[in-house]
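To keep things clear, I will list the structure first and then write my remarks on it.
Both ligands and their constituent atoms are indexed starting at 1 by order of listing.
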Amino acid sequence: MIKLGENSYGKNAVQLSKIIRHPDHHEFRQITVNVSLKGDFETAHTLGDNTKILPTDTQKNTVYALAKEHFTTSIEAFALHLAEHFVHTQQQVATATVEIAETAWSRITPHAYISGGAEKRTTQVIYNAATTTITSGITDLLILKTTDSGFEHFIKDPYTTLKETSDRIFATQCEASWIYKGAIKDYSVLFDNIRATLLATFAGHNSLSVQQTLFAMGEAVLETYPAVKEITLKMPNKHHVLFNLEQFGMSNQNEVFIATDEPYGYIVGTVIRE
Ligand SMILES: O=c1[nH]c(=O)c2[nH]c(=O)[nH]c2[nH]1
């Protein structure tokens, strides 16, 4: 007997920009939205019966239509509103997942902005009748420190060539995501504070490894913010390798490096409360 397993459908990468017009300044917001629905879609797959299918094109239109009134504060609030809309208006939809990534724009004047780089603020809201799970985070947080980072006392086997170092560059394109528990008054204030804690901990940590710094960053967030249940950090090690200047009869006192994109170390960890 063959039957349909887990399935979902929705619209990905809906691009939406919004101007919120205040008398003396504008707020500009740019987001990418993914919608994914789970529910009673078996006959759509097995019989080609579309009578329970809300087209993904309609889902996309709904994102724009609801943005007018309901994308006024945080991406979390908007994602929650969208997810509730699909579950409450479509009987066959049991669970709606809405993911939003917001592009960073920094203000220049009341009406002009400069790119905040590749960094994005993210959220994922999973909503059904029983539970709401809100996970928020950051992607492409490019951070680097030029000291207070080493890597020593690791395993040496016949294939080891890496030299121990007590002073290296630590660079990463950090991705962080944390799960909230309970109701949150202001997601944006909390986001700004958690981001600041992550950055301050990265900068201030005397790092014996990426793993240790990852844990310290997660630990600092859990210690400071009771509303955070757990946090996952993904930290690719963007190596800057000391360049051999001896071949030119010159010394290199940790000054000249070659940045290598690939391969890269990839350190991932979740920090939880016991
Ligand atoms: O902080 C590090 N952790 C590792 O596991 C590792 N492995 C490696 O080659 N360099 C590093 N650095």
Practice item. Give a yes/no verdict on a cation-pi contact between K60 and Y64, requiring under 6.0 Å between NZ or CZ and the six-membered ring centre and an angle within 45° of the axis. Key: no

Point to revise | For S209, the ligand 1 atoms whose distance to one of its heavy atoms is below 4.0 Å | key: 1 (O)

Review point. Taking only heavy atoms of Q211, which atoms of ligand 1 are found under 4.0 Å from at least one of them?
Key: 1 (O), 2 (C), 3 (N), 4 (C), 5 (O)

Point to revise | Stepwise side chain to side chain donor-acceptor pair (under 3.5 Å) test for T73 and Y187 | key: CA-CA 9 Å; T73 59; Y187 285 100; over 6 Å; no

Check your understanding: Is K18 reaching over with its side chain to a backbone N or O of A67, donor-acceptor style, under 3.5 angstrom?
Key -> yes

Exercise for review: From atom 10 (N) of ligand 1, work out which of F170, Y264, F151, F154 has a heavy atom at the shortest distance.
Suggested key: F151

Point to revise | Contact with ligand 1 for R168, non-hydrogen, under 4.0 angstrom | key: yes

Review point. If you count the atoms of ligand 1 from 1 in the order shown, which ones are under 4.0 Å from a heavy atom of N237?
Key: 11 (C), 12 (N)

Review point. Between V210 and ligand 1, does any nitrogen or oxygen pair lie at a separation below 3.5 Å?
Key: yes

Review point. In the protein, what heavy atom is nearest to atom 9 (O) of ligand 1, and what distance, to one decimal place, separates them?
Key: L162 CD2, 3.5 Å

Practice item. State plainly whether the residues R195 and D192 are in salt-bridge range, i.e. N to O under 4.0 Å. Key: no

Review point. Are F86 and Y127 close enough that their ring centres sit under 6.0 Å apart?
Key: no

Practice item. Answer yes when K156 and E164 have at least one side-chain N-carboxylate O distance shorter than 4.0 Å, and no when they do not. Key: yes

